[in-house]
There are 2 protein chains.
Amino acid sequence: MLTIGKLGTSTGVKVPTIRYYEQIGLLPEAERSAGNQRLYSRKALERLAFIRHARDLGFTLEAIRDLLSLSDSPDQPCAAADAIARAQLLEVESRLARLTALKAELERMVEQCAGGSIADCRVIEVLGDHSLCGSDHRHAELIQA
Amino acid sequence: MLTIGKLGTSTGVKVPTIRYYEQIGLLPEAERSAGNQRLYSRKALERLAFIRHARDLGFTLEAIRDLLSLSDSPDQPCAAADAIARAQLLEVESRLARLTALKAELERMVEQCAGGSIADCRVIEVLGDHSLCGSDHRHAELIQA
DNA sequence: CTAATGTCTCTAGCAACTATAGGTTCAAGG
DNA sequence: CCTTGAACCTATAGTTGCTAGAGACATTAG
């Protein structure tokens, strides 16, 4: 049995985060020692490692909740799990597209800076006047990427 | 003079967001009509458009606060503004790199799904066992991208 | 004049944690 | 055996950048 600190270091998840996951029901309530400290089994470690791995891949906690409940019922068809993963892939691809556009625009802006004073700084100017940016003026909603 | 609704539609910023920007001091307190409704000048519209544009480019509100105060002092050298923009570019580039790695890993995971049951679903399996993912096992902290 | 729409303030909520305060328990050294 | 310090406990509040709701006042079109 592991203490919460050991569990944290062996999964790379911070201690308050583990408690947070328990609080929102992503991890089951841990067993407790005589002195009321949380104790974790190997199974709990695996579950947390699963969560960590999925977080590293950008899945939301909601998606992870679904994936966990799927992994608890091994006889179900895996189409649902597959759909969640595909949705995440689409999300990542869409963010990539938006960020790529963003990068181009920022590069254009930064390259034009001649190093003078604010009065004729391209950065400030471009931000202030939308029509000064790249060829296509439709870059709204590029963020949340 | 524009009402807050007109200002919102002409800048593409939602009304509660405008009030929120005023609340956090990003926009100055608006003038008021006899009936206590906010009224905005052309100058206020320009300032909000600046904010909107910078948000579209992914700048944080803190960075925008700095950019705005820079743009209010046109005689300062523009190095500071340039530095903010360059930092944002670096940030975007770093997110792009992480998202690209993420995408590759998700693709690998999804492609291997044979459509069977959860028990032998690659998605669940890979998430559960870190060593099953791509050649290099160091993809932690790919997110917040 | 009335009804519909727009605006006002204030509060609370979202994701996914992180930080702080003030207290308890545990493991190791003297 | 006792003390010290690290690790643990609970509970609450803060972070970013908004968004949503309630309940009341203002403005405008017909």
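Just so we're clear, the structure is a prediction, and the values are computed from it rather than from any experiment. Labels below follow one simple rule: chain letters A, B, ... track the order of the sequence lines, proteins then strands, and each chain is numbered from 1.
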Toward the 5' end of DNA chain D, by each residue's nearest nucleotide, B:L61 or B:S33: B:L61

Considering heavy-atom distances to DNA chain D, does B:E62 or B:Q37 have its closest nucleotide positioned more toward the 5' end?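 Checking each residue's closest nucleotide, the 5'-ward one belongs to B:E62.
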
Between atom [atom1] in [X] and atom [atom2] in [N], what is the gap in whole Å?
| X | N | atom1 | atom2 | answer |
| --- | --- | --- | --- | --- |
| B:L39 | D:dA26 | CG | C1' | 12 Å |
| A:I51 | C:dA16 | CD1 | P | 12 Å |
| B:L27 | D:dG17 | CG | P | 15 Å |
| B:E29 | C:dT9 | CD | C1' | 14 Å |
| B:R55 | D:dT16 | CZ | P | 12 Å |
| B:Q23 | C:dT11 | CD | P | 10 Å |
| A:R52 | C:dA16 | CZ | C1' | 14 Å |
| A:Y20 | D:dG14 | OH | P | 17 Å |

Taking OP1 and OP2 of [N], is either one under 4.0 Å from a side-chain nitrogen or oxygen of [X]?
| X | N | result |
| --- | --- | --- |
| B:R38 | C:dC8 | yes |
| B:R32 | C:dT9 | yes |
| B:T17 | D:dT19 | yes |
| A:T3 | C:dC26 | no |
| A:T60 | C:dA15 | no |
| B:Y21 | D:dG17 | no |
| B:K14 | D:dT19 | yes |
| B:R19 | D:dT19 | no |

Partner of A:Q112 under side-chain hydrogen bond (donor to acceptor under 3.5 Å, both in side chains), chosen from A:E107, A:E125, A:R122: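 Passing option: A:R122.
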
Quick check against the 3.5 Å criterion: does B:R55 have a side-chain atom that pairs as donor or acceptor with the backbone of B:F59? yes

I'd like to know if the side chain of B:S73 reaches the main chain of B:D75, judged simply by a donor and an acceptor atom lying under 3.5 Å from each other, with no hydrogens or angles considered.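 Judged by distance alone, no pair lies under 3.5 Å.
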
5'-most contact on DNA chain C: B:I4 or A:A34, nearest heavy atom basis?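 Here B:I4 is the residue nearer the 5' end.
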
Could you tell me if A:S94 and A:R98 have a donor-acceptor pair between their side chains, going purely by distance under 3.5 Å? yes

Check whether any side-chain heavy atom of B:M1 lies under 4.5 Å from a side-chain heavy atom of B:S41, and answer yes or no. yes

Describe the nucleic acid contact of A:I24 in one word from base, sugar-phosphate, nothing, applying a heavy-atom distance below 4.0 Å. nothing

